[in-house]
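Heads up: the structure comes next, in structure tokens.
Hydrogens, waters and symmetry mates are skipped; everything else that's a heavy atom, side chains included, is used. Residues: numbered from 1 along the sequence shown.
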Amino acid sequence: MFTTVTVNNSYPTGTHLDAGDLADGFSTLAVIRRGSYTGGRLVFPAWQIGVDLRNGDLILMDAHQWHSNTGMQCEHGKKNDIMIGCCGAERISVVAYCRARMHTYGSAEEERERAVDQAEKRTRRKR
């Protein structure tokens, strides 16, 4: 059972442990790819493994283990979400998991506003 879906578009992440989800839970990560680019690997440093997920691939993973996503670059040299506007290359990851403490969250509207605020903060940091 999953309570939450996070969608990332051509967004690399630093090495991290997921927090806020069930301690005994697991995550699924599906990838939708478009265009040609390099990078975007899902990396698990403890095992020295990088997985290059192709279009339609799904991985089941323990997101409580250290992991990251490497940066991406299209054939024109544009990186990450900038490559979408350049040549349409993109990597959309859809992550599904079960949040702990669901009873502490706000209404759907409050949570939507919070998500928009967080996305705007991330966008400002990139500039």
For [X], which residues count as a side-chain hydrogen bond (donor to acceptor under 3.5 Å, both in side chains) partner, sequence neighbours excluded?
| X | value |
| --- | --- |
| Gln73 | none |
| Glu109 | Arg112 |
| Glu75 | none |
| Thr6 | Tyr97 |

Minimum heavy-atom distance [X]-[Y], with the two atoms named:
| X | Y | answer |
| --- | --- | --- |
| Ser10 | Met83 | OG-CE, 4.0 Å |
| Tyr37 | Ala89 | CD2-CB, 4.2 Å |
| Gly71 | Asn80 | CA-OD1, 3.5 Å |

So [Y] and [X], do their side chains get closer than 4.5 Å, heavy atoms only?
| X | Y | value |
| --- | --- | --- |
| Phe26 | Leu60 | yes |
| Asp21 | Ser27 | yes |
| Arg91 | Asn69 | yes |
| Val7 | Ile92 | yes |
| Val5 | Val94 | yes |
| Lys78 | Cys87 | no |

Donor-acceptor list for residues 42-55 side chains, cut-off 3.5 Å, not counting sequence neighbours:
{"unit_1": "Asp52", "atom_1": "OD1", "unit_2": "Arg33", "atom_2": "NH1", "d": "3.0"}
{"unit_1": "Asp52", "atom_1": "OD2", "unit_2": "Arg54", "atom_2": "NH2", "d": "2.9"}
{"unit_1": "Asn55", "atom_1": "OD1", "unit_2": "Arg33", "atom_2": "N", "d": "2.8"}

Pairs where residues 51-90 contributes a residue and the test ring-ring contact (aromatic ring centres under 6.0 Å, His included) is met, not counting sequence neighbours
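Listed once each, the pairs are His16-His67.
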OG of Ser93 to CG of Asn8: how many Å apart, nearest 0.5 Å?
4.0 Å
What's the separation between atom SG in Cys74 and atom NZ in Lys79, rounded to the nearest 0.5 Å?
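With rounding to 0.5 Å, SG (Cys74) is 11.0 Å from NZ (Lys79).
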Indicate, with yes or no, if Ile59 and Val95 share a hydrophobic cluster defined by side-chain heavy-atom contacts under 4.5 Å among Ile, Leu, Val, Met, Phe, Trp and Tyr.
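Hydrophobic grouping puts Val95 with Ile59.
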Co-members of [X] in a cluster of I, L, V, M, F, W and Y side chains, linked at under 4.5 Å:
| X | result |
| --- | --- |
| Tyr11 | none |
| Ile84 | none |
| Tyr105 | Met102 |

Applying salt bridge (charged side-chain N to carboxylate O under 4.0 Å, His left out), name anything that partners [X], two or more places apart in sequence or on another chain.
| X | value |
| --- | --- |
| Arg101 | none |
| Asp81 | Lys126 |
| Arg99 | none |

Backbone N or O of Gly40 within a donor-acceptor pair of the Thr70 side chain at under 3.5 Å?
yes
So does Asp117 get a backbone contact from the side chain of Glu120, meaning a donor-acceptor N/O pair under 3.5 Å?
no
